[in-house]
Novice: 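Please read through the structure below; I'll follow up with questions.
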Amino acid sequence: MDDDFFNLEKTKKIEKQAERWDLYAKLTPPFFLLFAGVLLVFNLIKFDTLFYVGLGMFSITAVVWWFWSIFTIRFIIRNMTLATKGLNEVKQDIRLITSEMRDLRDE
Amino acid sequence: MNNKFLLRALLNIVSGISLATIIVLGIMYMNFNNAFVFQDIKIEIVNNPVTGEEIEFAMMGSKKHECASTRVYGTAYSEDHTMITLDRFTKQYVRNTRPGEAVPNTWSLQKPKDMIPGDWRVSMTGDFLCNYFIFQTEKSQTYDNILLTVE
């Protein structure tokens with residue numbers, strides 16, 4: 001089974017994307033809070049504007065994450081199906097070899 | 001390795017607290033922004049039918065948040081759809097009543113000269129500046145359909 005069979009390159013890409021999501025999830029809330037706090041303290045923005053900006057960011061993140069999750073789950077399921085198929089083929093080959101070895105021994 | 005682990009843990013905690021703060025503040029703001037200024041409110045004209053020069057109002061209601069009125073006025077509509085603004089106070093209302101309690105309030109408005117005898121329907125409108133926690137917003141509330149009979 002070569003790399004293309006399990007699409008390892010794509011798997012690595014997804015892992016990197018998941019790492020980026022993790023970083024985004026960790027950094028965005030404190031930075032947003034800090035940025036919003038500074039803008040509010042210096043009276044540069046109204047709270048309702050900030051609320052709608054936050055709501056917009058949250059909505060965009062939710063939609064992008066939702067589609068990314070769907071595509072990732074689809075890819076994982078496809079990969080798992082391929083792996084199962086591969087394992088079944090190996091299992092059948094082993095059975096065949098075992099039976100042939102048994103036949104050879106009996107002769 | 002240990003420092004990296006500590007840094008990650010710290011980042012997780014800060015991020016979690018920030019996210020929780022944003023969600024709590026967002027919910028608090030929505031709750032504050034959507035609340036009416038007065039609850040359990042009742043406004044009526046106490047000297048109906050009006051024969052003199054003053055229209056006397058009485059109000060009962062409680063406020064949920066700290067709200068200061070910036071403008072209060074009435075609009076009277078006659079049966080033939082004439083509209084008159086009532087904004088000349090002859091007796092002032094109590095301002096900045098405390099939140100959470102039903103506080104009675106009264107005020108009087110001068111009857112305009114061009115107000116002909118008959119039945120009128122009055123809408124009392126208040127513009128307010130409300131504060132709650134770190135939030136501040138402008139609100140407006142109208143109480144419609146107060147019957148005014150002018151003789």
Side-chain angles (χ1 to χ4, degrees), chain A residues 8-76 79, chain B residues 1-39 63-72 96 99-100 125-142:
Chain A
L8 281 181
E9 202 180 313
K10 206 171 176 185
T11 311
K12 274 176 197 165
K13 261 187 191 173
I14 283 174
E15 201 182 338
K16 278 218 161 170
Q17 284 168 6
E19 272 171 22
R20 274 185 219 134
W21 272 114
D22 184 38
L23 198 69
Y24 176 75
K26 277 176 190 163
L27 294 181
T28 313
F31 274 104
F32 179 78
L33 207 63
L34 195 75
F35 189 61
V38 170
L39 289 178
L40 281 173
V41 164
F42 290 105
N43 226 1
L44 294 170
I45 199 166
K46 277 187 164 186
F47 199 92
D48 57 343
T49 315
L50 204 62
F51 175 77
Y52 289 115
V53 168
L55 202 65
M57 280 176 72
F58 180 80
S59 308
I60 291 166
T61 306
V63 170
V64 173
W65 181 81
W66 175 251
F67 283 103
W68 179 82
S69 302
I70 288 170
F71 289 129
T72 308
I73 288 167
R74 204 174 66 177
F75 171 75
I76 290 167
N79 243 12
Chain B
M1 181 70 185
N2 206 15
N3 278 348
K4 208 176 174 183
F5 173 77
L6 276 175
L7 194 74
R8 273 190 180 181
L10 196 72
L11 197 63
N12 280 342
I13 291 165
V14 170
S15 162
I17 290 170
S18 305
L19 195 62
T21 309
I22 290 168
I23 291 167
V24 169
L25 287 177
I27 290 168
M28 277 171 78
Y29 180 72
M30 275 197 288
N31 193 18
F32 165 65
N33 204 35
N34 290 329
F36 287 106
V37 177
F38 280 101
Q39 296 173 321
K63 285 193 289 192
K64 197 176 178 185
H65 302 112
E66 287 280 356
C67 292
S69 55
T70 53
R71 191 182 171 221
V72 175
N96 300 338
T125 305
D127 296 332
F128 301 90
L129 189 66
C130 296
N131 295 303
Y132 174 62
F133 196 47
I134 57 165
F135 317 121
Q136 188 178 66
T137 193
E138 287 169 4
K139 291 187 183 207
S140 185
Q141 191 170 350
T142 302

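Lettering follows sequence order; numbering is per chain, from 1. Below, all heavy atoms of this structure are taken into account, side chains as well, without hydrogens, waters or symmetry copies.
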Novice: Can you tell me if CD on B/Glu138 sees more than 12 non-hydrogen neighbours from other groups inside 6.0 Å?
Specialist: no
Novice: Any residues in residues 51-68 of chain A near chain B, with a heavy-atom distance under 4.5 Å, and which are they?
Specialist: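 Heavy-atom contacts from residues 51-68 of chain A to chain B are A/Phe51.
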Novice: Which residues, numbered in order, of residues 18-29 of chain B come under 4.5 angstrom of chain A by heavy-atom distance?
Specialist: B/Ser18, B/Leu19, B/Thr21, B/Ile22, B/Gly26, B/Tyr29
Novice: Please classify the contact between A/Phe32 and chain B as side chain, backbone, both or neither, with a heavy-atom cut-off of under 4.5 Å.
Specialist: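 Side chain only.
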Novice: Which atoms of A/Ala36 come close to chain B, meaning under 4.5 Å heavy atom to heavy atom: side chain ones, backbone ones, both, or neither?
Specialist: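 Nothing of A/Ala36, per the 4.5 Å heavy-atom cut-off to chain B.
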Novice: What distance separates B/Arg8 CZ from A/Asp22 CG, expressed to the nearest 0.5 Å?
Specialist: 7.5 Å
Novice: Rounded to the nearest 0.5 Å, what separation is found between the CG atom of B/Asn33 and the CZ atom of A/Phe47?
Specialist: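 Here the rounded value is 10.0 Å.
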Novice: Would you say B/Ser15's side chain and A/Pro29's backbone share a donor-acceptor pair under 3.5 angstrom?
Specialist: no
